[in-house]
Amino acid sequence: MLVEPDFLAEHLRLHEAANDTVVVGCRRHLPPGVTDPAGGEVLRRDSREALLDVYSYNTVYLPRPWSLAYGCNVSVDRWFLERAAPAGFDESFVGWGLEDQELAYRLAGHGARWAASVEQMTRAAPPSR
């Protein structure tokens, strides 16, 4: 996972609005074998970007914003996490996938607010299945 130098600062800035905010961001997929995103390669957009584009990155209008919470680019204030989901991720999940959205679903059930980071993207190699 590769991030921009101000990645954490941007997440923290979005958390300043309220401590029950869950910040979600997108990722770009690196082509196989590429480890330097500055190498001029065209990076494939994350599927969430198209949806966020439609809503101008305003999560208030999304019916299920928790479904955008992919573990590669999501943050939640520790205070809120400990109150809303003290057990954290459900360890009964096998393999990878959906445990992050399941946690976000539980956070939503406790009144989480949602913010989408327009600026911060992660760059990741495609998962091996």
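In this chain, numbering begins with 1 at the start of the sequence shown.
To the nearest 0.5 Å, atoms NE2 (H29) and CG (D46) are separated by 5.0 Å. Note that OG of S75 is 7.5 Å distant from CG of L12, once rounded to the nearest 0.5 Å.
Using a 4.5 Å heavy-atom threshold, the side chains of W114 and L62 count as separate. Between F89 and E102 there is no side-chain heavy-atom pair separated by less than 4.5 Å. With contacts defined as side-chain heavy-atom distances shorter than 4.5 Å, the pair V22/D77 does not qualify. Contact check for V23 versus H15: side-chain heavy atoms found under the 4.5 Å cut-off. For the pair L107 and W66, the minimum side-chain heavy-atom distance is 4.5 Å or more. Side-chain atoms of P65 and V24, non-hydrogen and from C-beta on, never get closer than 4.5 Å to each other.
Within the 3.5 Å criterion, the main-chain N or O of D90 finds no donor-acceptor partner in the side chain of E99. Panel note: side chain R48, backbone L68; a donor-acceptor pair is recorded below 3.5 Å. Side-chain N or O atoms of D100 include one that pairs as donor or acceptor with a backbone N or O of G71 at under 3.5 Å. For H11 (side chain) and F7 (main-chain N/O), no donor-acceptor pair under 3.5 Å exists by modelled atom type. Without hydrogens or angle criteria, T59 side chain to A116 main chain gives no donor-acceptor distance under 3.5 Å.
Between E49 and R27 there is no salt bridge, since no side-chain N of the basic residue sits under 4.0 Å from a carboxylate O of the acidic one. Salt-bridge check for R45 with D53: passed, with a basic side-chain N closer than 4.0 Å to an acidic carboxylate O.
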side-chain contact (heavy atoms from CB on, under 4.5 Å) evaluation trace for T21 with V76
CA-CA 6 Å; T21 300; V76 60; over 6 Å; no
Let's go through R106 and Q101 carefully: what are the C-alpha distance in whole Å and the side-chain angles of both, what is the deciding distance for side-chain contact (heavy atoms from CB on, under 4.5 Å) to 0.1 Å, and is it a yes or a no?
CA-CA 9 Å; R106 286 187 281 139; Q101 291 178 330; over 6 Å; no
Check step by step if side-chain contact (heavy atoms from CB on, under 4.5 Å) holds for L52 and C26.
CA-CA 9 Å; L52 288 168; C26 296; 3.7 Å; yes
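Among pairs with a residue in residues 8-20, those fulfilling salt bridge (Lys or Arg N to Asp or Glu O under 4.0 Å) read E10-R13, D20-R113, at least two apart in sequence or across chains.
No continuous path of hydrophobic side-chain contacts links L98 to V94 [ILVMFWY only; heavy atoms under 4.5 Å]. No path of Ile, Leu, Val, Met, Phe, Trp and Tyr side chains, each step under 4.5 Å between heavy atoms, connects V60 with Y57, placing them in separate hydrophobic clusters. Note: the hydrophobic cluster containing V74 also contains Y55 (ILVMFWY, side chain heavy atoms under 4.5 Å, direct or indirect links).
The shortest heavy-atom contact between L81 and L103 is CD1-CD1, 4.2 Å. Listed here is the closest heavy atom pair of A112 and F80: CB-CE2, 3.6 Å.
In the displayed structure, R83 atom CZ is contacted under 6.0 Å by more than 12 heavy atoms of other residues, nucleotides or ligands. Within a 6.0 Å radius of OH in Y105, no more than 12 heavy atoms belonging to other residues, nucleotides or ligands are found.
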